[in-house]
There are 2 protein chains.
Amino acid sequence: MNSNKVVTISDVADKAGVSKSTVSQYLNNRFEYMGEQTKLRVAEAVEELGYQPNIVARSLKQKTSTTIGVIVANISHEFSTEIVRSVEKYCNESNFHIIVCNAEDDPEKEKKYIEMLRAKQVDGIIVFPTSTNKELYQSLNLENYPMVFIDRYVPDVNVSAIMLDNAKASSLAVEEFTRLGYERLGIVTNSTVNNVTPRIERIDGFSEALAENQLEIYESYIKGVNIEDFPRELENMMTSRDRPDALLAGNDLALIEVLKYAKNNQISIPEDLGVIGIDDVSFASFYNPEITTIAQPTEEMGEKAAKLLLDQIMNRAESSPQIHRFEPTLIKRLSCTEQGGKEYEGTF
Amino acid sequence: MNSNKVVTISDVADKAGVSKSTVSQYLNNRFEYMGEQTKLRVAEAVEELGYQPNIVARSLKQKTSTTIGVIVANISHEFSTEIVRSVEKYCNESNFHIIVCNAEDDPEKEKKYIEMLRAKQVDGIIVFPTSTNKELYQSLNLENYPMVFIDRYVPDVNVSAIMLDNAKASSLAVEEFTRLGYERLGIVTNSTVNNVTPRIERIDGFSEALAENQLEIYESYIKGVNIEDFPRELENMMTSRDRPDALLAGNDLALIEVLKYAKNNQISIPEDLGVIGIDDVSFASFYNPEITTIAQPTEEMGEKAAKLLLDQIMNRAESSPQIHRFEPTLIKRLSCTEQGGKEYEGTF
DNA sequence: TTGTAAGCGTTATCAC
DNA sequence: GTGATAACGCTTACAA
């Protein structure tokens, strides 16, 4: 074939015996004033040379890169990867690419990523924000930089956010537990020290749901702690007098800790402990026992995030930023079941 | 603050009262001939204006984008997301970004992605290749386009590949099964119609290991079929006379199907059926029963892939492309255990 | 209907 | 030590 030299628009122009602008017109489908002849000649030249436009050059000129950044807080959550998948899918349909970044819950990393992404002229970002970079987000927002938050939001930063209705998720769990006869309910989730929105909302929603259902609130069974501290916390909880008889796991990692603890300590689910997990983890439907979960509509959430962002990028943005809440759905399985026989403790 | 106008290198030059070239020198740490004075003035200007270099412009000039593409065959496999995570981690250390693409096992999609990535001037790609785009890979390779294959390789395309020692993985399983007294061994994995390397290698390795261990080969228990057909295939297998007493699941999705089937049909693992899964899935350690698995060193594999690619990009490539095989490790858990009591069927 | 030329924000060459 | 100037490959007024 030809030499290794990359073929540019000039080469095509030369070969077709027209000017660069004409080729450019052709490439951008501006055929209005183009002669049939030229069109054909250009088409032929493009074909023969195997020409591929250089998008970087185009980006420089047009100040747009058809690329967006996705910064996940922690890629270890199944939820994160599902969102990434969904966003990628929607973007692909619009011929956008996504640069995936994993902030690992580190605000410094997050900041560095944002700066790099902007330097690369990505057209916008979807981010699971840490609460500690508020100023950064505020300044981006002031510049009207296209951005959407997902899973969490940052107070006082007027940016659209895609969120689960977390309070609803908790109340769904509480109601299911009580309906089935569990009485001493607890919730365990990751550390709340950084005010990560969903954790706070799930915990608060949990307490409220207890109150609404006139259930006793056991403060010591409401825990937001680091994953590493889970074994200890669970041990404390489960060896106390009047230990909880049902536990809501705030996310996949929390659920795993609960299941491990139960397994290691011969606590049988659902008899000794009812369990519900937020996030419909991959193994829920075939775990023994099958896990009752509260699912987030990840596919739709990712799609909505991508859609909102692309709309901002294309200047067909919704009127004003808002928090979009998505409905959680309870998927009943077998990790919490009817506890009617609870009184007859003598049965075993 | 300043107007919304983006600040460029010219602005910095003006503000510092020097030329663009000097600023550029400064930005690229070429201090050799730079006066202390100018250095300081430039630094100050950069600071005050909050200047951020435009990487797109730089890319255009330097023909490098510090971005690589990662095309996964199917992002639904846990293995894929772990590789992505690991690659991202290593790239981040070298200040590279990754564009993630999900080919969904579709060669057309894969091709389109590759073209788009090249148009975006990504410096190289890491790809889980489909075998049907051989010509494309060959031509990329002829141009010396930086590329590394992972999980699979394409015959006759001389590109480095990161692979599991799949034959070893299968033999590890066969040996474990036989050591524990299982006798009628089977393997189930995804469809082999497209000659996807690991599936073929795992199946072939399985047969070979059976032969080496003088075990009987049950052809009908060696299946590479579409995931959707698993329930039917498993049903056929498990209801046949002399049904298999142990099954190796070729990957995470296959394992899930086996576990579901067992669960739905009251087949108890490991008593009725020994199970080993290739890929140390997230739930293996706390499933009931805990699943014996054969783990791929995903972290190292991803890192090696990234390293090889960046080496090619930086022109410090290894002498010649080769297939790098990684050792699988057997993680013994409880989904296959001593079958000594098999003869005394009367025990229960 | 098509061509000319300027410009996007950098970097690199080579004078001064 | 520093500064003009051209160049990267494309788009886009505007001219022809």
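Labels below follow one simple rule: chain letters A, B, ... track the order of the sequence lines, proteins then strands, and each chain is numbered from 1.
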Closest to the A:Met34 side chain, choosing from C:dA12, C:dT2, D:dT12
C:dT2

Describe the nucleic acid contact of A:Thr8 in one word from base, sugar-phosphate, nothing, applying a heavy-atom distance below 4.0 Å.
sugar-phosphate

Let's see if you can work this out: which of D:dT12, C:dG3, C:dT11 has an atom nearest to the side-chain heavy atoms of B:Ile9?
C:dT11

Can you check the B:Asn28 CG to C:dT13 C1' distance for me, whole Å?
15 Å

Tell me which of B:Val23 and A:Gly17 sits closer to the 5' end of DNA chain C, going by the nucleotide each one is nearest to.
A:Gly17

Closest nucleotide among D:dT11, C:dT11, C:dT2 to the A:Arg58 side chain
D:dT11

Check this for me, if you would: do A:Glu299 and A:Lys89 make a salt bridge, where the nitrogen-to-carboxylate-oxygen distance has to be below 4.0 angstrom?
yes

From NZ of B:Lys20 across to P of D:dT2 the rounded distance in Å is 18 Å

Does the side chain of A:Glu108 reach to within under 4.5 Å of the side chain of A:Lys112, using non-hydrogen atoms?
no

Taken to the nearest whole Å, CD/B:Gln121 to C1'/D:dC10 is 11 Å

Nearest-nucleotide 5' precedence on DNA chain C, A:Ala57 against A:Gln25:
A:Gln25

For C:dG3 and A:Ser19 - does any side-chain N or O of the residue sit under 4.0 Å from the phosphate oxygens OP1/OP2?
yes

At under 4.0 Å, does any side-chain N or O of A:Tyr51 touch on OP1 or OP2 of D:dC10?
yes

Nucleotide D:dG1, atom C1' - distance to CZ of B:Arg30 in whole Å:
13 Å

What is the distance, rounded to the nearest whole Å, between atom CG of B:Asp14 and atom P of C:dT10?
13 Å

If you count every heavy atom of other residues, nucleotides or ligands that lies below 6.0 Å from A:Lys134 atom NZ, does the total exceed 12?
yes

If you go through the side-chain atoms of A:Ser21, does one of them form a donor-acceptor pair with the base of C:dG3 closer than 3.5 Å?
yes

Starting from C1' on C:dT2, measure out to CZ on A:Phe31 and report it in whole angstrom.
15 Å

Would you say a side-chain N or O of A:Ser24 is under 4.0 Å from OP1 or OP2 of D:dC10?
no

Crowding at CZ, A:Arg30 (>12 non-hydrogen neighbours, <6.0 Å)
no

Nucleotide of C:dT11, D:dG3, C:dT4 approaching B:Val18 most closely (side-chain heavy atoms):
D:dG3

Start with the C-alpha gap between A:Phe96 and A:Tyr90, add the side-chain angles, then the distance that decides, and say whether ring-ring contact (aromatic ring centres under 6.0 Å, His included) holds.
CA-CA 9 Å; A:Phe96 269 71; A:Tyr90 185 82; 9.6 Å; no

Would you tell me if any nitrogen or oxygen in the side chain of A:Lys63 comes within less than 4.0 Å of OP1 or OP2 on D:dT11?
no

Using atom CD of B:Gln62 as one end and atom P of C:dT11 as the other, report the distance to the nearest whole Å.
6 Å

With sugar-phosphate meaning primed atoms plus P, OP1 and OP2, does A:Ser59 contact a base, only sugar-phosphate, or nothing at under 4.0 Å between heavy atoms?
nothing

What's the closest nucleotide to the side chain of B:Lys61 if the choices are D:dA4, D:dA6, C:dA5?
D:dA6

Regarding the side chain of A:Leu60, the nearest nucleotide among C:dT10, D:dG9, D:dT2 is D:dG9

Send over the distance from B:Leu27 CG to C:dA12 C1', rounded to a whole Å.
14 Å

Ring-face cation of A:Lys39 near A:Phe31 (centre distance under 6.0 Å, axis angle within 45°):
yes

Reckon A:Thr38 has a side-chain N or O less than 4.0 Å from the OP1 or OP2 of C:dT1?
no

side-chain N/O A:Asn54 vs D:dC8 OP1/OP2, d < 4.0 Å
no

